[in-house]
Amino acid sequence: MLDKAYDPKPIEAKWLELWHEARLFRSVPSGNPDKFTIVIPPPNVTGALHLGHALNNTLQDVLIRWYRLHGYETCWVPGTDHGGIATQNVMERQLKAEGKSRHELGREKFLERMQSWTRDCKKTILGQLRRLGCALDWDREAFTMDEPRAKAVFKAFQGYWDSGLIERTELMINWCVRCGTALSDDEVEYEERKGALWHIHYPAESGGKGLIVATTRPETMLGDTGVAVHPSDERYRGLIGKKVRLPLTGRLIPVVADDQVDPSFGTGAVKVTPAHDRNDYEIGRRHKLPSMTVIGRDGHILPECGVSAYAGLHRDEARKRIVADLENLGFLEKKEDYKHSVVVCYRCGQTIEPLVSMQWFLHQERLAPKTLEAFDGGRFRISPDNWAKPYRDWLSKIRPWVISRQIWWGHRIPVWYCSGCHGSDITHVGGEPVYHGRARKGDYGIVVSWEKPSRSCENGHSASWIQDGDVLDTWFSSALWPMSVFGWPDGGEQLRYYYPTQVLVTGYEILYLWVARMQMSGIEFLKAPPFSQAIIHGIVRDKSGKKMSKSLGNVIDPLEMMEKYGTDALRFALILQAHPGRDIPFAEDSILGSRNFANKLWNSTRFVLMNLPDSPSSGAYRLESLSHGGLELADRWILSEYQKAISKARDRMKERNVAAAADALYEFLWDKYCDWYVELAKIRLQGADGPSKEAVRAILIQVLSGMLKLLHPFMPYITEELFSALKPYSEDGSDFLYRARAPETAFDWSNPQAELAMAALTEMVDSLRSLRAQLNIAPGLKLRVCAAASGDGARRLIEDHSGYLNFLARLESIEFWDGGTRPPQSATAVSSQATFFVPLKGLIDFAKEKIRLEKELSKCQSELQKIAAKAENKEFLARAPQAEIETARSQYESAKARLGRLKDTLAVLAQS
RNA sequence: GCCCAGUUGGCGCAGCGGUAGCGCGCUCCCUUGACAUGGGAGAGGCCAUAGGUUCGAAUCCUAUACUGGGCACCA
């Protein structure tokens with residue numbers, strides 16, 4: 001027998017072990033044409049999983065298990081991502097705590113430490129995924145930096161190189177001075193910050209007035225190579241083409257006219273620093289201004305800046321000094337407060353330094369059109385579709401992607417330079433040769449190779465190859481994930497069977513960074529989008545909508561929640577709130593609700609088991625063996641509701657509304673099955689053995705086990721446990737629910753009449769219960785009541801189901817009151833189809849009863865008013881659809897009848 | 001600045017053309033042979049504002065105001 005309350009811990013541990021032993025989630029290419037494959041968004045190996053991961057993976061698990069239940073060959077591929085900068089940052093923080101730096105350690109030692117960290121971290125993450133119940137095919141575990149994935153990266157790089165889509169060249173990029181690397185446009189964020197606008201006087205060459213520029217970054221003036229004004233700006237017309245003198249350095253720089261300048265902003269004159277600002281870079285190009293780099297990669301002023309006093313200063317320090325010097329020398333006209341957005345690194349939050357830099361670029365602007373075409377052609381969809389437009393826009397104005405990173409943790413760029421050919425472009429940094437030049441397909445002395453080339457170069461230099469020192473952006477390997485996990489670039493059965501996959505589940509924050517990149521890679525190399533649908537979910541936030549972060553102290557640890565409330569409760573709580581297109585404000589309370597639901601499931605199964613014979617006769621409880629004729633109202637009603645709930649859940653799942661699907665099951669189980677059917681079943685279960693008792697048992701078992709199957713994707717552990725207890729009585733002998741068949745709905749149980757009849761009866765019960773509560777009638781006291789039905793149908797309904805009413809409303813008996821005077825000294829429960837008189841001689845406070853009825857009367861009146869406004873409206877009757885009119889009419893009639901009876905009752909009460 | 005969401009009882013959210021729903025919280029009653037992680041009964045909302053379409057609007061349209069997000073710009 002089951003315990004009184006559900007205790008998740010031992011049960012989760014048990015099934016975890018059994019699933020694992022059975023290698024339950026293993027998938028092999030089969031003949032099944034219905035495939036459902038998902039590749040996991042590989043978590044970065046930066047630490048433990050957070051609540052966002054719990055949501056992401058629960059959603060995937062629900063889908064996988066759901067499709068498996070419905071007969072699909074499912075495959076869910078687990079894995080982790082090396083995580084590039086993010087992971088390297090974690091390690092650097094560790095080293096810093098030990099008082100070391102990666103440079104002291106050296107590349108090789110550093111990478112060894114990274115490897116060992118990665119091993120531990122993978123173990124943690126995969127263990128957490130397992131604990132979460134994820135039906136991942138553990139035999140397929142992949143890592144973005146393991147050998148097969150490295151091969152894929154090489155192959156992709158080579159492919160792009162051969163098509164001329166990859167080159168090493170000098171362009172403006174985002175440079176993070178903290179992380180010491182270039183970043184793509186998608187790896188930076190904008191942040192509103194309070195700053196200042198400094199107005200600086202640039203005198204004319206002749207020593208005349210010149211002009212005043214406004215800037216937020218005075219320190220970059222050392223690299224100014226021009227000043228731009230709007231061509232039609234009257235104030236500066238005379239200066240265009242002339243030169244002004246740059247304060248502090250004394251350099252002469254030209255004034256140019258450019259449309260990009262907004263004459264109404266600041267002073268209408270812009271200093272142009274092509275090397276340190278994206279716009280200035282464009283202006284500089286248009287006017288052939290030289291580019292002068294004055295801030296180095298470490299964020300310090302370079303000696304080449306022209307003023308030795310500033311050389312070596314950090315950019316922030318330099319700003320202070322320069323502003324002070326300008327002020328002292330009288331060049332600073334004014335400083336105003338100014339709020340503007342600054343570009344920051346998405347990994348460390350430091351202000352980005354735009355730099356012109358020699359980097360590797362992938363010309364994804366040439367890949368995007370085909371991807372866009374696939375999207376517009378419907379070969380790939382995004383759900384919910386409000387992300388479709390931003391996705392399109394991103395693809396439409398895509399720029400070259402900087403793929404090189406100046407870090408150590410990642411796939412080393414597989415390009416080799418011949419030091420014989422390129423000696424002049426090679427310097428030694430920290431004892432290692434580093435290439436500084438450009439590179440593209442067809443250049444001599446440059447090859448793409450998996451290993452160090454053994455042959456000599458075109459010019460006959462032998463064995464003098466050096467490898468590029470940079471590594472690839474972590475997203476470069478992530479972009480290949482749906483291909484590489486199935487063995488690409490080797491073709492093979494796996495790739496043929498599983499590629500393309502069906503869905504990808506991820507958060508919107510990596511839609512461009514990752515989803516779009518995968519689409520581009522898949523279409524480029526395998527001519528097919530890697531998945532036909534991306535399901536985008538929201539971010540898990542705290543209850544007030546704030547992002548969870550360690551610094552805010554509002555983080556909820558999934559593991560802790562699983563310990564405290566059980567894994568199923570956590571999963572269900574997340575799912576119930578994962579409404580498509582919305583973020584999830586999450587509070588611990590919500591897990592409590594789901595924990596309670598798990599307990600409800602547990603106890604309803606416990607109840608059913610308590611009412612079954614000890615030794616089941618096999619197959620005795622098949623639903624199919626029940627005929628409509630042998631069932632009573634409650635049976636026909638619950639089967640009808642059951643069928644409705646199933647089809648609703650299935651529809652919602654098709655729409656990818658997992659929350660609504662879960663809600664439909666929750667509502668059915670609790671509000672229909674437990675609250676009404678189980679209660680009514682007690683009548684027969686407490687009675688004598690016989691066919692009727694067997695029928696109610698069959699329905700209790702079958703409906704419950706069907707629910708356990710359908711809930712299994714959401715709450716895998718508890719359902720597995722309960723199903724196994726119920727299995728001896730069930731027709732489905734599957735060893736695990738993962739292998740079970742979905743509940744059949746071949747037989748049509750839909751029964752609107754039963755639903756109507758039950759609705760009438762429950763309304764009667766409600767009215768009686770309400771009366772009892774309000775008159776403080778002791779719960780244990782059984783009442784003898786008189787009933788006046790509104791018609792023959794209603795009377796028959798009450799007669800036939802007096803057992804239901806007696807049991808649910810705690811009645812001793814029901815007698816019919818056929819006209820004549822009212823039963824004396826009685827309270828009255830009025831519902832649409834009946835009035836119940838509850839004679840309680842001496843027990844009723846008539847004043848109280850009058851108040852109660854008056855209140856009900858006024859409620860009923862306002863209800864009637866609303867319906868009457870509709871049902872009596874000529875326009876409505878003339879134009880509304882017939883079915884609508886029918887409904888309104890019957891609603892009107894029943895409200896009117898009820899009102900009439902309430903009035904009669906009050907009138908009688910007034911006399912007594 | 002452009003675009004997209006959101007604005008529904010104390011809190012968090014569903015509903016998205018036909019008498020306002022759920023969970024939590026709150027009030028009262030109940031340890032009745034599944035479950036107090038429970039049962040029963042209640043209180044609480046003119047569905048942001050203003051117009052419009054419609055027989056009928058929380059639901060569709062158009063503005064406005066907040067809130068959040070995406071994109072661009074901010075010298």
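Just the heavy atoms: all of them, side chains too, but no hydrogens, waters or symmetry mates, feed the values below. Throughout, protein chains are lettered first and strands after them, A, B, ... in sequence-line order, and every chain is numbered starting at 1.
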S.K.: Quick one: A:Asp766 CG to B:G40 C1', roughly how many Å, whole number?
M.R.: 10 Å
S.K.: Could you measure between the two P atoms, the one in B:U31 and the one in B:G21, and give it in whole Å?
M.R.: 31 Å
S.K.: Pick the C1' atom in B:C13 and in B:G6, then give their distance to the nearest Å.
M.R.: 12 Å
S.K.: For nucleotides B:G1 and B:U64, find the distance between their P atoms and express it as a whole number of Å.
M.R.: 12 Å
S.K.: Classify A:Asp280 by what it touches in the nucleic acid, base, sugar-phosphate, or nothing, heavy-atom distance under 4.0 Å.
M.R.: nothing
S.K.: Would you say the ring centers of A:Phe607 and A:Tyr677 fall short of 6.0 Å from each other?
M.R.: no
S.K.: Looking for any heavy atom pair under 4.0 Å, which part of the strands does A:Glu679 touch: base, sugar-phosphate only, or nothing?
M.R.: base
S.K.: Suppose we define a pair by two distances each less than 3.5 Å, Watson-Crick or G-U wobble; what does B:G1 pair with here?
M.R.: B:C71
S.K.: When you measure from the side-chain N and O atoms of A:Lys866 to the phosphate of B:A20, is any distance below 4.0 Å, counting only OP1 and OP2?
M.R.: yes
S.K.: Could you check which of B:A34, B:C55, B:C35 has an atom nearest any side-chain atom of A:Phe876?
M.R.: B:C55
S.K.: For A:Arg606, answer base if it contacts any base atom (sugar-phosphate contacts may also be present), sugar-phosphate if it contacts only those atoms, and nothing otherwise; contact means non-hydrogen atoms under 4.0 Å.
M.R.: sugar-phosphate
S.K.: Please list each protein N or O that sits under 3.5 Å from an N or O in nucleotides 4-15 of chain B, with the distance.
M.R.:
{"unit_1": "B:C13", "atom_1": "O2'", "unit_2": "A:His579", "atom_2": "NE2", "d": "2.9"}
{"unit_1": "B:A14", "atom_1": "OP1", "unit_2": "A:Arg582", "atom_2": "NE", "d": "2.4"}
{"unit_1": "B:A14", "atom_1": "OP2", "unit_2": "A:Arg582", "atom_2": "NE", "d": "3.4"}
{"unit_1": "B:A14", "atom_1": "OP2", "unit_2": "A:Arg582", "atom_2": "NH2", "d": "2.7"}

S.K.: Can you see if the side chain of A:Lys682 gets near the phosphate of B:A34 - specifically, an N or O under 4.0 Å from OP1 or OP2?
M.R.: yes
S.K.: Would you tell me if any nitrogen or oxygen in the side chain of A:Ser770 comes within less than 4.0 Å of OP1 or OP2 on B:G42?
M.R.: yes
S.K.: Both A:Lys4 and A:Gly593 contact RNA chain B. Taking the nearest nucleotide for each, which residue is further toward the 5' end?
M.R.: A:Gly593
S.K.: Can you check the A:Lys859 NZ to B:A20 C1' distance for me, whole Å?
M.R.: 14 Å
S.K.: Look at the side chain of A:His276 and the backbone N and O of A:Ile295, then say whether any donor-acceptor pair between them is shorter than 3.5 Å.
M.R.: yes
S.K.: In terms of the nearest nucleotide of RNA chain B, which residue is placed more toward the 5' end: A:Pro263 or A:Met610?
M.R.: A:Met610
S.K.: Among the nucleotides B:G70, B:A43, B:G38, which one has an atom lying closest to any side-chain atom of A:Asn596?
M.R.: B:G38
S.K.: Given A:Tyr666, which partner from the list A:Tyr673, A:Phe714, A:Phe597 fulfils the ring pair (Phe, Tyr, Trp, His ring centres under 6.0 Å) test?
M.R.: A:Phe597
S.K.: Rounded to whole angstrom, note down the C1' distance from B:U8 over to B:C30.
M.R.: 33 Å
S.K.: Hey, does A:Tyr190 reach any base, or is it just sugar-phosphate, or nothing, if we go heavy atoms under 4.0 Å?
M.R.: base
S.K.: Which value, in whole Å, describes the distance between the C1' atoms of nucleotides B:G15 and B:C22?
M.R.: 10 Å
S.K.: Please pick, from B:C35, B:G40, B:A34, the nucleotide with the shortest atom-to-atom distance to any side-chain atom of A:Phe607.
M.R.: B:A34
S.K.: Can you sort out the partners of A:Glu863 under salt bridge (charged side-chain N to carboxylate O under 4.0 Å, His left out), two or more places apart, ordered by chain and number?
M.R.: A:Arg898
S.K.: If we call it a pair only when both distances are under 3.5 Å in a Watson-Crick or G-U wobble match, what pairs with B:A65?
M.R.: B:U7
S.K.: Say you draw a straight line from CG of A:Asp568 to CD of A:Glu12; how long is it, rounded to the nearest 0.5 Å?
M.R.: 6.0 Å
S.K.: Paired with B:G21: which nucleotide, if any, by Watson-Crick or G-U wobble criteria at under 3.5 Å for both distances?
M.R.: B:C13
S.K.: Nearest whole Å is fine: how far is B:G38 C1' from A:Arg595 CZ?
M.R.: 12 Å
S.K.: Looking at A:Asn603 and A:Asn599, would you say the former's side chain and the latter's main chain have a donor-acceptor pair under 3.5 Å?
M.R.: yes
S.K.: Is the backbone N or O of A:Ala573 less than 3.5 Å from a side-chain atom of A:Gln577, with the two atoms forming a donor-acceptor pair by type?
M.R.: yes
S.K.: Determine which pairs satisfy salt bridge (charged side-chain N to carboxylate O under 4.0 Å, His left out) with at least one residue from residues 573-586 of chain A, sequence neighbours left out, and list them in order.
M.R.: A:Arg541-A:Asp583
S.K.: Under 4.0 Å between any heavy atoms, over every strand shown, what does A:Lys339 touch: base, sugar-phosphate, or nothing? Just pick one.
M.R.: nothing
S.K.: Would you mind classifying the nucleic acid contact of A:Trp670 as base, sugar-phosphate or nothing, using non-hydrogen atoms under 4.0 angstrom?
M.R.: sugar-phosphate
S.K.: Would you indicate what A:Val261 reaches in the nucleic acid, counting non-hydrogen atoms under 4.0 angstrom: base, sugar-phosphate, or nothing?
M.R.: base
S.K.: Using Watson-Crick or G-U wobble geometry with both distances under 3.5 Å, which nucleotide pairs with B:U53?
M.R.: none
S.K.: Could A:Glu365 and A:Arg399 be called an ion pair, given the rule that one side-chain N must be under 4.0 Å from one carboxylate O?
M.R.: no
S.K.: Counting the atoms with a prime plus P, OP1 and OP2 as sugar-phosphate, which does A:Val608 contact under 4.0 Å by heavy atoms, base, sugar-phosphate, or nothing?
M.R.: nothing
S.K.: Using a heavy-atom cut-off of 4.0 Å across all strands, would you classify A:Asn873 as base, sugar-phosphate, or nothing?
M.R.: sugar-phosphate
S.K.: Between C1' on B:G68 and CH2 on A:Trp387, what's the gap in Å once rounded to a whole number?
M.R.: 11 Å
S.K.: Any side-chain N or O of A:Gln774 under 4.0 Å from OP1/OP2 of B:G42?
M.R.: yes
